[in-house]
Structures are given as structure tokens and as C-alpha cells.
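We use all heavy atoms of the structure for the numbers below, so side chains are in, but hydrogens, waters and symmetry mates are not.
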Amino acid sequence: MLVKAFTKPGSKDGAEVNRNSKHIVVVGGGYVGLYTVLRLQHTLSKELRDGSVRITVLTPESHMTYQPFLPEAAAGNLSPRHVVVPLRRVLRKATILNGKVSKVNHAAKTVTFAPNVGTPHEIGYDIVVMAAGSISRTLPIPGLADAAIGFKTVGESIALRNRVLELLDRAESDDDEALRRRALTFVVIGGGFAGVEALAELEDMAVDAVRYYRTVSREDMRWVLVEATDRILPEVGPEMGKWTAEQLRERGIEVKMNTRLDSCEGGLVKLSDGSEFESATIVWTAGVKPSPVVNAGDLPLDERGRIKTTTRLTVAGVDDAFSAGDVAGVPDVTNPGQYCAPNAQHAVRQAKVLADNITRLLHGEELVDYRHKYVGSVAGLGLHKGVANVYGVKLRGLPAWFMHRTYHLSRVPTLNRKVRVMADWTLALFFKRETVSLGEIEAPRTEFREATTS
């Protein structure tokens with residue numbers, strides 16, 4: 001087996017680890033990657049301590065993002081730093097390497113790893129965990145790549161917040177009616193959780209912000225939600241999805257269902273219902289697809305392009321390979337013939353079973369099935385507004401918003417982050433949220449360059 005020597009996590013002397021140790025490589029540091037290693041640090045604590053097992057996490061970022069909190073970060077209800085978990089702080093018994101995996105050769109038990117800065121090289125393993133998650137699923141729509149932005153990362157969340165506030169500033173500062181109309185038109189494509197929550201939270205923030213403007217009001221803004229199917233928020237059921245659409249419309253938000261985005265070249269939005277209008281903000285949230293790493297290896301894929309996985313979260317047909325989360329097609333044993341939905345509810349629970357099955361494998365014990373019946377969903381629609389359908393109990397408004405916050409507070413990793421989130425929410429009870437654009441952080445050298453040429 002090809003082996004790359006690493007220093008033991010946390011060691012200061014640079015000593016090489018035991019080359020005869022079992023090496024577990026985790027590809028991805030999102031939900032599944034983080035929770036799997038957290039669990040392994042507990043179940044394999046003795047082995048990690050004596051060096052008979054070592055864990056390496058390969059991930060582009062040095063943090064895990066708790067994505068359900070991205071809408072609140074975009075709206076200024078939470079600090080962006082509090083919706084991410086620093087991997088090196090919480091995974092102290094693992095080695096964290098930042099970069100991307102470009103190839104998986106399971107026959108040779110190696111991955112080709114390209115550091116964010118540096119030369120690609122091979123890393124050997126005994127057990128691999130494919131937890132690379134998903135990326136935005138896009139379509140070949142003219143102008144999409146240049147005019148739109150996604151909503152899966154902290155960077156995208158904060159960029160959207162800054163952009164909305166900056167456009168309010170732009171509209172206040174210019175008398176050109178066409179420019180104002182373009183600046184104050186905000187479009188979100190996709191009526192799932194990400195799209196509805198992003199639009200609802202940003203609109204709620206913008207309504208707060210315009211109170212401080214003299215020439216911009218809520219009536220000047222246009223918010224449009226575009227969904228290709230006949231309903232939004234399918235996860236909360238038809239009744240609650242219909243109620244959500246009605247609530248958004250009551251807030252002055254246009255909800256266009258059975259409608260597709262045909263083009264957005266130069267910010268000119270053309271929809272399948274024949275409408276056309278200019279917009280300076282187009283947000284794409286129309287689904288996700290498995291990380292491209294699934295196509296760069298010899299692990300089997302299912303008909304949807306996901307890693308083919310068994311009910312025990314092992315990769316079908318091969319030994320010493322596990323997978324879960326968005327990148328995997330995990331059969332749902334509670335609903336025969338169906339797959340587990342690609343959401344945080346399943347990913348967190350799958351990671352626990354996956355880690356326990358790795359421990360069982362190393363201890364020579366029988367692996368167990370992943371079994372979890374979907375309990376329902378909750379969604380935030382702005383401050384004190386929400387919708388929920390949990391165990392068949394349907395809630396709306398303030399009770400649903402409270403359940404949304406309570407549930408996600410219980411799910412966010414580590415006590416440190418829970419306390420910080422609670423602190424943000426508590427302060428928000430007494431002080432108004434900040435509505436200042438810090439868009440200059442996206443190009444911090446602009447002012448300096450102008451100074452050097454003046």
C-alpha cells in the first residue's frame with residue numbers, strides 16, 4: 001500500500017506515525033465528514049491514542065458550514081463566524097489537509113490529492129469515507145454563469161447580504177428610474193428550502209433597512225420567486241406549501257410557479273411565462289448534484305450519478321469504502337424502493353451509523369443498517385415567521401419560527417457554537433440588527449490601488 005507519512009495530529013516534534021496503523025481517509029469536511037470523525041474520536045479513542053488508527057480529512061475549507069443558518073447570516077441575525085465550525089479545533093485527533101481530491105483509485109487504495117497551494121500527490125488509505133457533499137445543480141441557461149450567484153456557502157451568503165444593502169444605497173443615490181428599478185429587483189430561482197428561506201430572510205432584512213432611507217420604500221422593491229413545479233417547499237407538504245406561498249404574496253413577493261428561467265444575459269431576466277425585466281440580483285437555488293469527485297474514480301455509481309451505497313453505508317460491491325450524505329444514494333429501509341433525502345436530517349444521523357460501522361469493521365463485529373424515518377421539516381421565513389410540519393403536526397407563524405430555531409440550535413455542532421448562536425439571538429432581542437453593506441471586503445485592494453495612481 002502506498003503510504004504518505006504524516007505527523008501525528010497535535011504532535012510538535014514532527015515524528016512519523018506508525019506506518020502499520022490503519023489509515024482512515026475522509027473525503028469532505030461537511031456534515032458527514034465532521035460528524036463521522038467526531039464519532040470516531042469517541043469510539044476509537046484508544047486506537048487513536050496508541051497510534052494503531054489514524055484519521056486524515058481532505059477538504060477544501062478548514063471549516064464546516066451549518067447551512068440551515070445561512071439565511072439568518074445573510075439577514076444579519078447571526079454572525080457569519082458562528083455558522084461555521086473550525087475543523088482543526090473540534091477534530092483534534094485527526095489531520096486536516098486543505099485541498100481537493102481529483103481521483104479515487106480504490107483498487108490501489110489511493111486518492112490523488114491537490115492541496116489548495118502545492119503539488120498534487122497520492123495518499124494511501126486502508127478505509128475511505130466518501131463525504132464530499134454536493135454542489136449547485138445548474139442548467140445551460142444563457143447568462144446564468146455570469147449573472148447569478150448560488151446560496152450554499154458562507155461567502156455566497158455574505159455577498160448576497162452586502163449586495164442587497166449596497167443596491168439600496170445605489171437606488172437612494174441615483175435619480176435614474178431604470179437604474180433604480182433594476183437595482184431594486186431581486187430574483188430567486190428555486191422554491192425549495194434554500195430559495196424560500198433566502199428570499200424570505202433577505203426581504204425581511206431589506207424591509208428593516210429601508211426605514212433609514214429617504215427615497216426608497218418597500219413599495220419600490222420587487223421580490224420574485226421562480227419555481228418550475230406547481231408548489232414550493234414540498235418538504236412541508238402541499239397544505240403548508242400553499243400557505244407559505246400565500247404568506248409570501250401577502251408580503252408583496254411575487255411567487256411564480258410552473259415557471260422556468262429561460263435566460264438572464266446581462267441581468268435581463270426572461271421567464272417561460274413571457275415576462276421580461278432587468279435585475280441586478282439573481283440567486284440560483286434550483287437543486288444540487290453530487291460533488292464532481294464521484295466521477296473521478298472507480299467506485300460504483302447509481303442511476304442518479306451518486307455513489308452506490310448499501311443500507312449499511314458501505315459502498316456497494318467493494319470492501320473498506322463507506323459513503324453517506326448528498327454524495328451517496330442510500331436506500332431508505334423505512335420506505336422500500338426509495339432513497340434517503342439529501343438533507344441535514346439524514347446526513348447527521350448517517351454519519352453516526354457510518355462511524356459506528358467503521359468501528360465495528362475494525363473490531364471484527366457485524367455492521368448494522370441505517371434506519372431513520374423522516375420526521376418532517378421546519379423553515380424560517382424571516383423574524384418571527386416560519387412554517388413547520390413535524391410528525392404530522394402543522395405549525396405556522398411564531399410557533400413554527402420558534403420550533404425552527406430550537407431544532408437547528410440542537411443540531412448545530414459543539415457547545416461553543418450553540419452558545420455563540422444563542423448570544424446572537426439574545427442580543428437581537430434588545431438591539432436592532434445591523435443593515436450596513438461591507439461589500440468592499442470583496443475587493444479590499446481597490447482603494448489602495450487608486451491611491452497609488454492618484
Which atom pairs, donor and acceptor, lie under 3.5 Å between side-chain atoms of residues 61-75 and protein residues at least two apart or in another chain?
| from | atom 1 | to | atom 2 | distance (Å) |
| --- | --- | --- | --- | --- |
| Tyr66 | OH | His408 | ND1 | 2.9 |
| Gln67 | NE2 | Lys152 | O | 3.1 |
| Glu72 | OE1 | Arg405 | NH2 | 2.8 |
| Glu72 | OE1 | Trp425 | NE1 | 3.3 |
| Glu72 | OE2 | Arg405 | NE | 3.4 |

Taking only Lys NZ, Arg NE, NH1 and NH2, and the carboxylate oxygens of Asp or Glu, determine whether Glu254 and Arg249 approach each other closer than 4.0 Å. no
Applying side chain to side chain donor-acceptor pair (under 3.5 Å), which residue pairs with at least one partner in residues 223-232 are found, sequence neighbours left out? Glu227-Thr229
Side chain to side chain donor-acceptor pair (under 3.5 Å) contacts touching residues 28-41 (sequence neighbours left out): Arg39-Asp356
Within 6.0 angstrom of Arg211 CZ, more than 12 heavy atoms from elsewhere: yes
Take a 6.0 Å sphere around NZ of Lys103 and say whether it holds more than 12 heavy atoms from other residues, nucleotides or ligands. no
Pairs of donor and acceptor atoms involving the side chains of residues 336-346, under 3.5 Å and at least two apart or interchain, shall be tabulated with distances.
| from | atom 1 | to | atom 2 | distance (Å) |
| --- | --- | --- | --- | --- |
| Asn343 | OD1 | Gln345 | N | 3.3 |
| Asn343 | OD1 | His346 | N | 3.0 |
| Gln345 | OE1 | His372 | NE2 | 3.0 |
| Gln345 | OE1 | Val375 | N | 3.1 |
| Gln345 | NE2 | Gly376 | O | 3.0 |
| His346 | ND1 | Tyr370 | OH | 2.8 |

Shortest non-hydrogen separation from Ala200 to Arg251 and the atoms involved: O-NH2, 3.0 Å
Not counting sequence neighbours, which residues clear side chain to side chain donor-acceptor pair (under 3.5 Å) with Lys256? List them please. Asp273
Could you go through the side-chain contact (heavy atoms from CB on, under 4.5 Å) check for Ile189 and Val283 one step at a time? CA-CA 6 Å; Ile189 312 297; Val283 186; over 6 Å; no
N/O donor-acceptor pair under 3.5 Å between Arg396 side chain and Ala388 backbone: no
Ring pair (Phe, Tyr, Trp, His ring centres under 6.0 Å) contacts in which one or both residues fall within residues 131-162, not counting sequence neighbours: none
